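These numbers were taken from a predicted model, which means no experiment stands behind them.
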Amino acid sequence: MSEMIETRARASRRKLLRLTGAAALLGAARLALPAGAFAQGAGPEVKGTRLGYIALTDASPLIIAKEKGLFAKYGLPDMDIAKQASWGATRDNMALGFRNNGIDGGHILRPKTHLYATGKVMQNGQPLPTYTLLNLNEDGQAISVSNEYKDLNVQKDAAPLKQAFERKKAAGKELTAAMTFPGGTHDLWIRYWLAAGGIDPDTDIKVIVVPPPQMVANMKVGTMDCFCVGEPWNEQLVNQNIGYTALTTGELWARHPEKILGMRADFVDTNPKATQAILMAVMEAQQWADRMQNRQELSEIVGKRQWFNVPVGDINKRLQGDINYGNGREAKGTRLYMKFWGEGGSSSYPWKSLDTWFVAENIRWGKFEPTIDIKALVDKTNRADLWREAAKALGVAGAPTGDSRGVETFFDGVKFDPAAPLDYLKALKIKRVA
């Protein structure tokens, strides 16, 4: 009898040890993985990759996701957010990819997805399949003018510059407008603005490329008449009394899309779980950044030496909608601040209709042929489906589901219907296609 009792006791101890061991392993797994990753049954395929960014305020969601531990929260503790010297460097490093000491994606100008995927701006015209995963922000850029033209008080209408430019040109002086990358958002904003004022950006002025962090220094030494760039560089220009803001780009096109989280297609296709984790982390960072009560802290974080190395005073005012134009005009409490998330993520969602405008506008200035299949290009590069999956995993209420935000209207009254993108070009004053 005693032997039977002892046998049963040993069996019970063995069962208890098995159960205790399983519980310990379960507890360890729960500690090692975030709740979402554990619920999926397996974490991301990789622990991280490298994403690039330029020192511009709209890179903030990537920086916040890193600083606030959100990448780690979703199972990506080894994410590297690396500063890039210029948009050209970003392109070259994306062509290399992380495996070759480059980057797998990051903070990029929205039209770059189309320019990369078609090879239009790549070495030897070699296409680099690239996806648009989400829209990092709306608004938050500006067009600035040298103090040489301060007496003209140029605003939305660039026409007052036309005669001033003609006089300067007649005197044998060169006219220069700067943007950050051919075919990119800043190129398209300044071209649209100049053309609407009767100034042909291809014949009346020389349009050059200058990296964002070098804009202020170049205007200071008198090498440009106007430029378009993102913040904080327009605000810094005003704070240093070198030039003034003619208009913010939100005044040109309210709630316009700007930068995106773009990634190499091969990374996304090979690492779907890691891609969703990246999306979830950045989307959560966008929600945090969109809250006005966090804007001061946001400015302090991105202004740090390891990120932008820019004084907080050059960042925080415009982030909160307070615009000092630098020529006696001031506007406080406007809605011209940068939007990161919007209702239901509407500012983050990568609307295909907005990609359609960028392709059409790049047709206007000769970057794409008028015969290009716009819809096919947008469908190939825009991964709104992945955004929706990530939004569902995050439990986002009221998230967008369609492809079109509707008909868009610009400051000069021109409307863009995504259902007829080439018809839009007919209404513009200066264009390269009929």
I'd like a table of donor-acceptor pairs (distance under 3.5 Å, sequence neighbours excluded) in which one partner is a side-chain atom from residues 206-219, with atom names and distances.
{"unit_1": "Asn218", "atom_1": "OD1", "unit_2": "Thr223", "atom_2": "OG1", "d": "3.4"}
{"unit_1": "Asn218", "atom_1": "ND2", "unit_2": "Gln214", "atom_2": "O", "d": "2.7"}

Give every donor-acceptor pair under 3.5 Å between a side-chain atom in residues 95-102 and any protein atom, sequence neighbours left out.
{"unit_1": "Asn100", "atom_1": "ND2", "unit_2": "Leu96", "atom_2": "O", "d": "3.0"}

Return a table of donor-acceptor pairs under 3.5 angstrom between the side chains of residues 386-403 and protein atoms on other chains or two or more places apart.
{"unit_1": "Trp387", "atom_1": "NE1", "unit_2": "Ser348", "atom_2": "OG", "d": "2.8"}
{"unit_1": "Arg388", "atom_1": "NH1", "unit_2": "Tyr349", "atom_2": "OH", "d": "2.6"}

Expected list for residues 364-373: side-chain donor-acceptor pairs under 3.5 angstrom, two or more places apart:
{"unit_1": "Arg364", "atom_1": "NE", "unit_2": "Ile430", "atom_2": "O", "d": "2.9"}
{"unit_1": "Arg364", "atom_1": "NH1", "unit_2": "Glu361", "atom_2": "OE2", "d": "2.7"}
{"unit_1": "Arg364", "atom_1": "NH2", "unit_2": "Ile430", "atom_2": "O", "d": "2.7"}
{"unit_1": "Trp365", "atom_1": "NE1", "unit_2": "Glu361", "atom_2": "OE2", "d": "3.3"}
{"unit_1": "Glu369", "atom_1": "OE2", "unit_2": "Lys120", "atom_2": "NZ", "d": "2.9"}
{"unit_1": "Asp373", "atom_1": "OD1", "unit_2": "Lys375", "atom_2": "N", "d": "3.4"}
{"unit_1": "Asp373", "atom_1": "OD1", "unit_2": "Ala376", "atom_2": "N", "d": "3.0"}

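Listed by chain and residue number, nothing satisfies the side chain to side chain donor-acceptor pair (under 3.5 Å) test with Asn309 (two or more places apart in sequence, or in another chain). Taking Glu45 as the reference, nothing meets the side chain to side chain donor-acceptor pair (under 3.5 Å) condition, with sequence neighbours excluded. Residues passing the side chain to side chain contact (heavy atoms under 4.5 Å, CB included) test with Lys220 are Ile242, sequence neighbours excluded. In terms of the side chain to side chain donor-acceptor pair (under 3.5 Å) criterion, His114 has no residue partners (sequence neighbours excluded). Partners of Ser404 under the side chain to side chain contact (heavy atoms under 4.5 Å, CB included) rule, at least two apart in sequence or in another chain, are Ser353, Pro418. Annotation: side chain to side chain contact (heavy atoms under 4.5 Å, CB included) contacts of Lys429 (sequence neighbours excluded): none.
Applying the salt bridge (Lys or Arg N to Asp or Glu O under 4.0 Å) test to every pair with at least one member in residues 175-193, sequence neighbours left out, gives these pairs: Asp187-Arg191, Arg191-Asp202. Legend: salt bridge (Lys or Arg N to Asp or Glu O under 4.0 Å) pairs involving residues 281-300, not counting sequence neighbours, sorted by first then second residue: Lys68-Glu297, Lys73-Glu284, Asp290-Arg295.
When side chains are defined from C-beta on, Phe410 counts as touching Leu252, because their heavy atoms get closer than 4.5 Å.
A distance-only check finds no donor-acceptor pair linking the side chain of Gln126 to the backbone of Met122 [under 3.5 Å].
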